[in-house]
Each structure stands twice: as C-alpha cells, then as structure tokens.
Asker: 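Below: one structure in structure tokens.
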Amino acid sequence: MEIGVVVVILVALGFDYVNGFHDAANSIATVVSTRVLSPRMAVAWAAFFNFAAFLVFGTHVATTIAKDVVVQDVLTIGIVFAGLVGAIGWDLLTFWFGLPTSSSHALVGGMAGAAVAAHGGHVLVTAGLRKIGVFIILSPLVGLALGMIFTIIVMWVFHRYTHVEKLNRGFRRGQLVSAAAFSLGHGANDAQKTMGIILAVLIASNHLPANSEVPLWVVLAAHTAIGLGTLSGGWRIVKTMGTKITRLQPLGGVCAESAAAATLFFTSSAGIPVSTTHTITGAIVGVGATRRLSAVRWGIAGRVVWAWILTIPGAFAISYVTSLIVRAVA
Amino acid sequence: MKGDRRALFFLMSAVAAGLLVPVAEQEHRWIVTTVAVTYVVLAIASALDAWSRARR
C-alpha cells in the first residue's frame with residue numbers, strides 16, 4: 001500500500017478519534033449531569049459501547065458517505081485528504097468554542113469543498129446531498145418529538161407512584177442502559193462515516209474494486225478509533241449539553257437518551273448519516289419542553305443552531321482552500 | 001401564555017417538516033410526513049393543555 005494511502009487512512013482514523021473526543025459529550029453529558037456516573041466511568045462506559053456497535057449494525061451509512069456525496073470517479077487521495085483536513089479543522093474550532101456541532105456534517109461539507117475545488121460543482125451527487133440535507137433538519141426534530149413523547153409516557157405511567165426516591169434510583173440505573181444504547185447508536189452512525197471515507201480511499205487507489213463492501217479491518221479500526229476518542233472525553237461540550245441547555249433529572253436523561261438512541265438505530269439501519277449531536281440536542285430540548293418552553297435556555301440552543309448552519313459552509317471553505325494548496329504542492 | 005408559545009413552536013416545526021416532504025426522496029417521504037403529522041398532534045395537545053390550565 002502506497003505511503004499516501006496509509007497517511008490518508010491514518011488521517012481518517014484521526015478524524016474518527018476527534019469525532020469520539022468531540023461527541024463523547026453527547027453520550028455521557030446526561031449521565032454526568034445527573035451524577036449517575038463519575039465523568040471517568042461515564043467515558044469508559046460510552047467508549048465500550050462505541051466499540052461494541054460493530055457487532056450490531058451493518059455498514060449502510062459507510063456506503064452512503066463513500067458514494068452519495070461526491071461522484072466516486074473523481075475521488076483521489078488528495079481530495080479525501082483535503083476533505084478530512086476541513087472536517088477536523090472545523091471540529092477543533094467548534095470544540096474550542098464549546099459548541100456541539102456535527103462532525104458528520106463537517107465531513108460532508110469537507111468532502112464537497114475539496115471535490116468542488118478540484119473539479120467544480122458538477123461532481124456533487126445531488127440526490128445523496130438532498131437525503132443528507134433533509135435529515136440535517138429532520139434529525140433534531142425527530143429527537144425532540146421522541147424525547148417529549150417518551151417523557152410524557154413515562155410521567156403518565158408513574159404519575160401515581162409516591163416513592164419518589166425509589167423511582168429516581170430506578171431511573172438512575174435506567175440511565176446506564178439508555179446511555180449504553182445511545183453510545184451504541186453513536187458508534188454505529190459515526191464510526192461508519194470514517195469507514196465510508198477509508199472505503200472511498202481504497203477504491204480511489206484501486207486497492208478495492210468499485211461497489212466493494214467495507215473490509216473487516218476497516219470496521220474494527222474505525223470502531224477502535226472512535227472508542228479511544230470517546231475515552232479521551234471532551235469536557236467543554238459536556239457542560240453545554242448536560243447543564244446549559246436545560247437541567248435534567250434522571251427521568252429526563254433516560255428519555256432523552258432513549259429518544260436519541262431510537263432515532264440513531266433507525267437511521268443507521270436505513271443508511272442515513274445523521275448527526276448524533278443534532279439528535280441528542282433535539283431530544284434534550286424535547287424533554288425540557290415538557291415542563292414549559294422557558295425551561296429550555298433558547299440563547300444556548302440558538303448558538304448551537306448557528307453552529308449547525310455554519311458547519312457545512314465552514315468545513316467546505318477550509319477543505320476548498322486545503323484542496324487548492326494540495327493541488328499546488330502536488 | 002407559555003403553552004400557546006409551545007403550540008406555536010410545534011406548529012412551526014410541523015411546517016418545517018411539511019416543507020421537506022416534496023424535497024425528500026420517495027423512500028423517505030413517509031418518515032418526513034410522520035414527523036410533520038406528529039408535530040401537528042403535539043401542537044394541538046399543547047394548545048389543549050394551555051387552554052385547560054387557563055380554565056383552572
């Protein structure tokens with residue numbers, strides 16, 4: 001395998017690591033903010049289930065990323081590299097500001113920017129980008145609706161239950177299961193995006209024929225990278241997600257994580273690359289909105305929305321410039 | 001009337017999801033439609049909740 005291919009695969013795994021690092025907060029924010037687990041235990045718990053996801057889900061999302069963003073024929077090692085630089089750059093920038101933006105959309109914006117810089121706008125796959133675009137808006141809405149519906153159902157079921165302490169203890173334990181389910185969904189959807197990138201590199205460099213399935217070593221490497229990233233944790237975003245959007249009780253934590261996990265399980269099975277960040281943020285807002293809209297801190301939620309809007313153009317711009325530099329150097 | 005504001009928020013979400021129906025691919029339209037309908041139901045439920053609280 002040529003050195004260029006190896007370097008880009010390592011950068012892709014680096015992106016996966018950063019993704020786990022950046023999005024660890026999504027998996028563990030509610031468990032930490034409700035004090036069910038210590039931060040150290042919470043990241044270990046999430047990392048384990050991030051890794052275990054490869055046993056449960058297929059690789060449909062990987063295929064979407066490899067084939068539905070940019071026309072496969074024009075993908076080169078340089079384009080994939082520039083795309084990854086844009087995505088990682090954007091992730092680190094938003095991490096610095098403590099904004100829970102989407103690594104997935106950074107990746108899509110990055111790949112698109114790098115390819116457009118090299119070949120022009122006609123190389124973008126309109127149908128694939130439309131699918132991704134629709135679910136950019138839809139995933140937080142689904143998370144929000146499910147978060148709210150789950151909370152209403154749970155409150156309705158337990159509204160006559162008088163042993164509040166006992167109930168809270170039960171939900172604290174329940175959060176271990178819901179956090180594990182969400183981490184499983186996170187690992188499944190996000191690790192597959194890196195698999196998609198590596199698959200694209202291997203096809204572009206003729207190491208695999210077009211329309212190949214994702215090799216097992218790629219699957220294992222991607223899940224290991226995201227698990228290790230999660231293990232490193234990202235505390236700035238934990239704070240925003242766990243306490244600043246709305247204060248959560250164990251009951252709310254269980255409902256938010258279950259809602260987000262259900263959304264991720266469905267979309268991962270259907271091959272739709274959604275943002276785990278968008279989904280859990282929507283679900284947390286949904287849980288907060290069952291009390292009243294003012295329980296949600298809309299100023300913080302608004303900052304998050306702005307970061308969402310800017311993610312694709314931001315990563316696109318960084319990758320566009322990187323792609324031009326790579327071409328000039330090459 | 002915070003309940004009304006919530007209903008309005010759900011209604012706006014329903015409109016946003018509804019606008020995505022023609023844009024979505026054929027195989028995913030049912031999901032988008034379900035989300036839009038769910039938000040209409042949530043908006044109605046929220047408005048009824050606000051109305052019953054106001055009566056009390």
Side-chain angles (χ1 to χ4, degrees), chain A residues 60 64 68 125-153 155-156 246 259 262-267 269-274 278-279 282-283 285-296 298 301-302 305 308-309, chain B:
Chain A
H60 304 297
T64 304
D68 288 357
V125 180
T126 323
L129 288 173
R130 205 170 61 185
K131 177 166 86 174
I132 294 166
V134 164
F135 280 89
I136 283 179
I137 301 169
L138 213 62
S139 65
L141 288 180
V142 173
L144 196 155
L146 285 181
M148 186 158 195
I149 291 166
F150 285 1
T151 310
I152 291 169
I153 292 171
M155 285 170 119
W156 187 75
T246 187
T263 312
L264 292 177
F265 286 179
F266 170 75
T267 50
S269 309
I272 303 162
V274 297
H278 289 198
T279 311
V285 170
V287 170
T290 51
R291 281 177 278 162
R292 56 192 192 282
L293 271 193
S294 59
V296 178
W298 292 100
V305 170
W308 291 348
I309 294 169
Chain B
M1 295 289 280
K2 280 165 185 159
D4 287 339
R5 262 170 52 199
R6 185 166 63 181
L8 190 66
F9 172 75
F10 289 146
L11 215 52
M12 278 160 49
S13 302
V15 171
L19 289 173
L20 291 176
V21 175
V23 185
E25 284 180 325
Q26 197 67 42
E27 59 174 323
H28 296 132
R29 278 196 186 155
W30 70 270
I31 306 172
V32 188
T33 310
T34 308
V35 172
V37 172
T38 305
Y39 271 99
V40 171
V41 173
L42 284 175
I44 293 169
S46 187
L48 286 174
D49 179 46
W51 178 67
S52 72
R53 276 172 203 273
R55 271 180 31 142
R56 266 187 263 147

Asker: To check you understand the geometry: which heavy-atom pair defines the closest contact between B:G18 and B:P22, and what is its length?
Answerer: O-CD, 3.6 Å

Asker: Is there any residue in residues 34-41 of chain B with a non-hydrogen atom under 4.5 Å from a non-hydrogen atom of chain A, and which ones are they?
Answerer: B:V35, B:T38, B:Y39

Asker: Drop me the distance from B:H28's NE2 to A:R130's CZ, to the nearest 0.5 angstrom.
Answerer: 11.0 Å

Asker: Quick check against the 3.5 Å criterion: does B:R6 have a side-chain atom that pairs as donor or acceptor with the backbone of A:A289?
Answerer: yes

Asker: Could you tell me the separation between the CG atom of B:L11 and the CG atom of B:L42, rounded to the nearest 0.5 Å?
Answerer: 11.0 Å

Asker: If you round to the nearest 0.5 Å, how far is CD1 of A:I149 from CG of A:L144?
Answerer: 9.5 Å

Asker: Using 0.5 Å steps for rounding, measure from the CG atom of A:L138 to the CD1 atom of B:I31.
Answerer: 7.5 Å

